[in-house]
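Any value given below was found using the heavy atoms of this structure, including those in side chains, with hydrogens, waters and symmetry copies removed.
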Amino acid sequence: MENGAPASRFPFPFKPYTIQERFMESLYAALEQGKVGIFESPTGTGKSLSLICGALTWLRDHEEKKKEEAARLLQEKEVERKGDGDGGEKDCNGDKSGGSGAATEPDWVSDFVQKRAEREIVNKLKDEEIKRKRREERLEMIRHNAQLKYAMKRKTNEDNEAEKLLQLSKQELSSEEKSHEEEEEGLIVADYESDDEATPKPRICDEDDDDDLEEEHVTKIYYCSRTHSQLAQFVHEVQKSPYGSTVSLVNLGSRQNLCVNPDVTRLGSVQLINDRCMELQKNKHDKQSKTDLEPKRRRSVAKATCPFTGYEKMMAMRDEVLVKVRDIEQLVQHGRGTHTCPYYSTRLAIPAAQVVVLPYQTLLHAATRKASGIKLKDQIVVIDEAHNLTDTITALHSAEVNGAQLCRAHSQLSQYCERYRSRLKAKNLMYIKQILFVLEGLVRTLGGKVSLNPVTQSTQPGTELLTINDFLFRAQIDNINLFKVQKYFEKSMISRKLCGFVEKYEGNGVNTHSNSVNKENRNTEGLGRFLQSLQNKPAAAAEQQAAVDDRPSMSSPMMLVESFLFALTNSNKDGRVVMDKQAYLSQSSLKFLMLNAAVHFAQVVQECRAVIIAGGTMQPVADFKEQLLLSAGLSEERIAEFSCGHVIPPENILPIVLCAGPSGQGLEFTFQTRDTPQMMEETGRVLSNLCNVVPGGVVCFFPSYEYEKRILGHWEKTGILQRLAAKKKVFQEPKKASQVEQVLSEYSKCIQRCSNTGGGQTGALLFSVVGGKMSEGINFSDDLGRCIVMVGMPYPNIKSPELQEKMAYLDKNMPHIDGRSPGKALIENLCMKAVNQSIGRAIRHRGDYACIVLCDRRYSRSGTLQKLPQWIRSSTHTHSSFGPAFASIRKFFLEKRQTQQL
């Protein structure tokens, strides 16, 4: 804290640091001016709290200004209206008398139009003010636990409840022209209207609801981060902030995270949970939609519905969500306690919320954004942990499908078409035939046929990369309008209906061409076929089939096909198709590679009032500006950059570039030299010396899993690993994500034990991999990470066809700065981003201290040093020999030990 500093205008739980004040002031200015800002604030500087207080202070001031402006306009219009009542008389031609002349006065038509527009503005302002006051009064009553009586009369029959839920999830199911048999089976045949037959969507509330809180979106902040734990941490920061008791915050999540129906959650798979939830809502919709005018030939089978989706209960939970800040776990706990669905309740709360917390995959994908009810027009978006933003957008809009999935989708759609051919409209049948034709073409490009078993079809291995147009010609589907096919997918929802069709028939082991087997025999027949297949199938074929079969996670692969076809509608220059042919068709795949992330990010930055891209380590930012912002159509004037230092004093960090080892061997881990025994043994000697003087924990990062395995194997043979283990207990990053917590726990306990008891071992040594499970999001604070060692430079695989195509795209479409190739700059930027994320695992708070050792002389290049974070770069020392570097490290920790003893 700064002594004598003036009081902050930002509400803060404690007196903010100077850099936090600067951060919030810059953030406030960016929001006020409608900028797209790139904000870098190292971990441990209170970035999340600064974002909360700065953004919510702006939102508070913005709302106050809006109220004052609305009140002023209403007063002016009222004065004008009264003035017009006392104004000059009109003559018989409609012109006002007493004016300066007929030529300057509006005629009676334009006068009428102007008056009407003014009246509409006044009425709109009045309506907004009334709704705002009602909303605030309502939420205030809930905060004080008052007994609420709903003013609006909502329909409570289950048919309308289901329509409202289906509107929220954007998955309305058409029910036109269903036969009696379809009603009994619960199947809906694909129905698609032509372009001029737009079907009106059901309203969430009745037309006479004058207290409609759902439709009006208030100005809000969409806060996005990468993982569930990061979002939870942000919500907890909001709860501790001065705004924790007044802000309306909604935490969005998937059905997998928010569903409280045990019959649905036990399915496990995200896709199966989504499908089952939609089926339960459809069943509720169908329950009372059938007319009783015609006698039924036999009683319909009762269909299960979700007991957690009562509309009145969800509206009550929506209000509870708005008055108290809750994270995902608290929402689920509240939903179970009230027997109410948190998934739909939180979506009902979006329009009235001031802050919406969600994974940034939900916001960055247009279709998911629309389905969630998110509107970005004139809103604020804050994207935290955005160092991988470009890669995330690219991955979201890429798509991959293998040969087995293509053949299976063709088989299922063919059977679906055959079964309901007589009930399908001509237009629906035409589109289904086109999809089947496209599937045949895609399989043909992989060297196979849809009519044969993909597991046994052999193909000629090889990888080929094509433009979109060339691929369409190769597949012979260039005559198909994929835009209309995609529209059919969206309108008819054929992918979801096919999932239901497959689960109904294929899941029971029944030939879908026949319906003569009763339901009891279907289940036993399916079980019998399954057991028989296990006995007859050869072991190798069974393993291969299990490797490619996606049935445990998805009943039909048609959604993957839909995603791939949608990707093919991108511009020819913005993407490429990678054909990866393996020994068998089932293992071969088609992958769409998105090259231009800006085309999908453009809508976000153009619609929003302001966008803040924040992270602990954003360097280097050049690719953000060039590839994501400028390419999205932004001007340089709208882009703002802010980077602050760390709260730690400069003497608490010692970054060193180490150019040589103890024996004088130069450290340069190129592809040609890194595998030599001399280089691996010199690296071992460096680590051994560091372990002798560094207390607590040492975290060593290798550029790849392959190199880690190779160098550890060599150390084990030569005895280096045993020497390291004598000084510090050795741990290794696990291959399974589920084991990370266990390894970290044992690593932490070992360091704590050594610190308390002393003895031969002084701590622990953890081997990890750049870009692995411990290079991001893991907190190695205090003794857990007193020294971070980076072995070599983790350059990406330059031989990757995808990376080569990305480089070629950048070289062709991006400007060359200082004569440098944008493609080559991408390689170094990817490397340094990974390095910055790894070394940022240490120094997590103001009192922390650590040493960072970069073992490779290439780090000493000026261009490379400039891509380190400023707070590290300013303290970095380059040593050409090991002696002086080791002396400075020993002195650094000796001084810290003496300081702690005082």
Quick one: closest heavy-atom pair of Q230 and S225, and the distance? OE1-OG, 3.1 Å
Rounding to 0.5 Å, atoms OH (Y243) and CZ (R60) come to a distance of 4.0 Å
Quick check for you: to the nearest 0.5 Å, what is the distance between R609 atom CZ and K377 atom NZ? 12.0 Å
N/O donor-acceptor pair under 3.5 Å between Q256 side chain and I273 backbone: no
Decide yes or no for I612 and I383: does some side-chain heavy atom of the first lie under 4.5 Å from some side-chain heavy atom of the second? no
Looking at N836 and K867, would you say the former's side chain and the latter's main chain have a donor-acceptor pair under 3.5 Å? yes
So which heavy atom on L826 is nearest to which on M807, and how close? CD2-CG, 4.3 Å
Value for SG (C224) from CD1 (I613), rounded to nearest 0.5 Å, stands at 11.0 Å
Going through the distances and angles, do E385 and R226 end up as a salt bridge (Lys or Arg N to Asp or Glu O under 4.0 Å)? CA-CA 7 Å; E385 301 297 332; R226 187 173 62 91; over 6 Å; no
For F23 and S41, which heavy atoms make the closest approach, and how far apart are they? CE1-CB, 3.7 Å
Step by step, work out the side chain to side chain contact (heavy atoms under 4.5 Å, CB included) result for I52 and F234. CA-CA 9 Å; I52 293 165; F234 176 81; 3.3 Å; yes
Donor-acceptor under 3.5 Å (H334 side chain, Q330 main chain): no
With the side chain counted from C-beta on, respond yes when N251 and T346 share a heavy-atom pair under 4.5 Å apart, and no when they do not. no
Over 60° means perpendicular and under 30° means parallel, so tell me whether H397 and H600 are parallel, tilted or perpendicular. parallel
Considering non-hydrogen atoms only, spot the tightest contact between L595 and E805 and give its length. CD1-CG, 4.1 Å
Step-by-step side chain to side chain contact (heavy atoms under 4.5 Å, CB included) determination, R638 to L629: CA-CA 10 Å; R638 199 186 167 197; L629 303 183; over 6 Å; no
For a 4.5 angstrom cut-off between non-hydrogen side-chain atoms, does V238 reach V235? no
Which distance, rounded to the nearest 0.5 Å, do you find between the CD1 of I328 and the NE2 of H228? 6.0 Å
List the steps, then state whether side chain to side chain contact (heavy atoms under 4.5 Å, CB included) holds for E626 with S631. CA-CA 6 Å; E626 290 293 339; S631 296; 5.7 Å; no
So, does Y222 use its side chain to make a donor-acceptor pair with the main chain of K375 at under 3.5 Å? yes
Do N570 and N596 touch side chain to side chain, with heavy atoms closer than 4.5 Å? no
Kindly determine whether R369 and E607 satisfy salt bridge (Lys or Arg N to Asp or Glu O under 4.0 Å), including the steps that lead there. CA-CA 13 Å; R369 189 165 66 234; E607 286 190 3; 5.7 Å; no
Which residue is it: M314, R318, E320, M315? I am looking for the one with a side-chain contact (heavy atoms from CB on, under 4.5 Å) to T340. M314
Are side-chain heavy atoms of I393 and L628 found at a separation under 4.5 Å? yes
Do other residues, nucleotides or ligands put more than 12 heavy atoms under 6.0 Å from F642 CZ? yes
Is a donor on one side and an acceptor on the other found under 3.5 Å between the side chain of D811 and the backbone of G823? yes
Taking R576 for the side chain and L593 for the main chain, is one N or O donor matched with an acceptor at less than 3.5 Å? no
Could you check whether any side-chain heavy atom of M594 comes within less than 4.5 Å of a side-chain heavy atom of D574, counting everything from C-beta outward? yes
Roughly how far, to the nearest 0.5 Å, is the SG atom of C608 from the CG atom of L31? 11.5 Å
Looking only at heavy atoms, the pair that brings A640 and K35 closest together is CB-CB, 4.3 Å
Only one of P342, C277, C341 passes side-chain contact (heavy atoms from CB on, under 4.5 Å) with R255; say which it is. C277
Which pair of non-hydrogen atoms, one from K47 and one from G616, has the smallest distance, and what is that distance? CE-N, 3.7 Å
Got a donor-acceptor contact below 3.5 angstrom from the S563 side chain to the M559 backbone? yes
Does L51 reach the side chain of L27, with side-chain heavy atoms less than 4.5 Å apart? yes
Could you please spell out the steps behind the side chain to side chain contact (heavy atoms under 4.5 Å, CB included) verdict for K573 and K812? CA-CA 10 Å; K573 68 181 180 64; K812 182 178 180 181; over 6 Å; no
Donor on one side chain, acceptor on other, E562 and S495, under 3.5 Å: yes
Indicate yes or no: at least one non-hydrogen side-chain atom of L389 is less than 4.5 angstrom from one of L364. yes
Drop me the distance from F592's CZ to E400's CD, to the nearest 0.5 angstrom. 13.0 Å
Got a sec: does the CD of Q333 have more than 12 other heavy atoms crowding it under 6.0 Å? no
Can you confirm whether the side chains of E40 and H387 place a donor and an acceptor under 3.5 Å from each other? no
Under 3.5 Å, which donor-acceptor pairs do the side chains of residues 348-359 form with other protein atoms, sequence neighbours left out?
residue	atom	partner	partner atom	Å
Q354	OE1	S248	N	3.0

For K370, is there an ion pair with E490 - N to carboxylate O distance below 4.0 angstrom? no
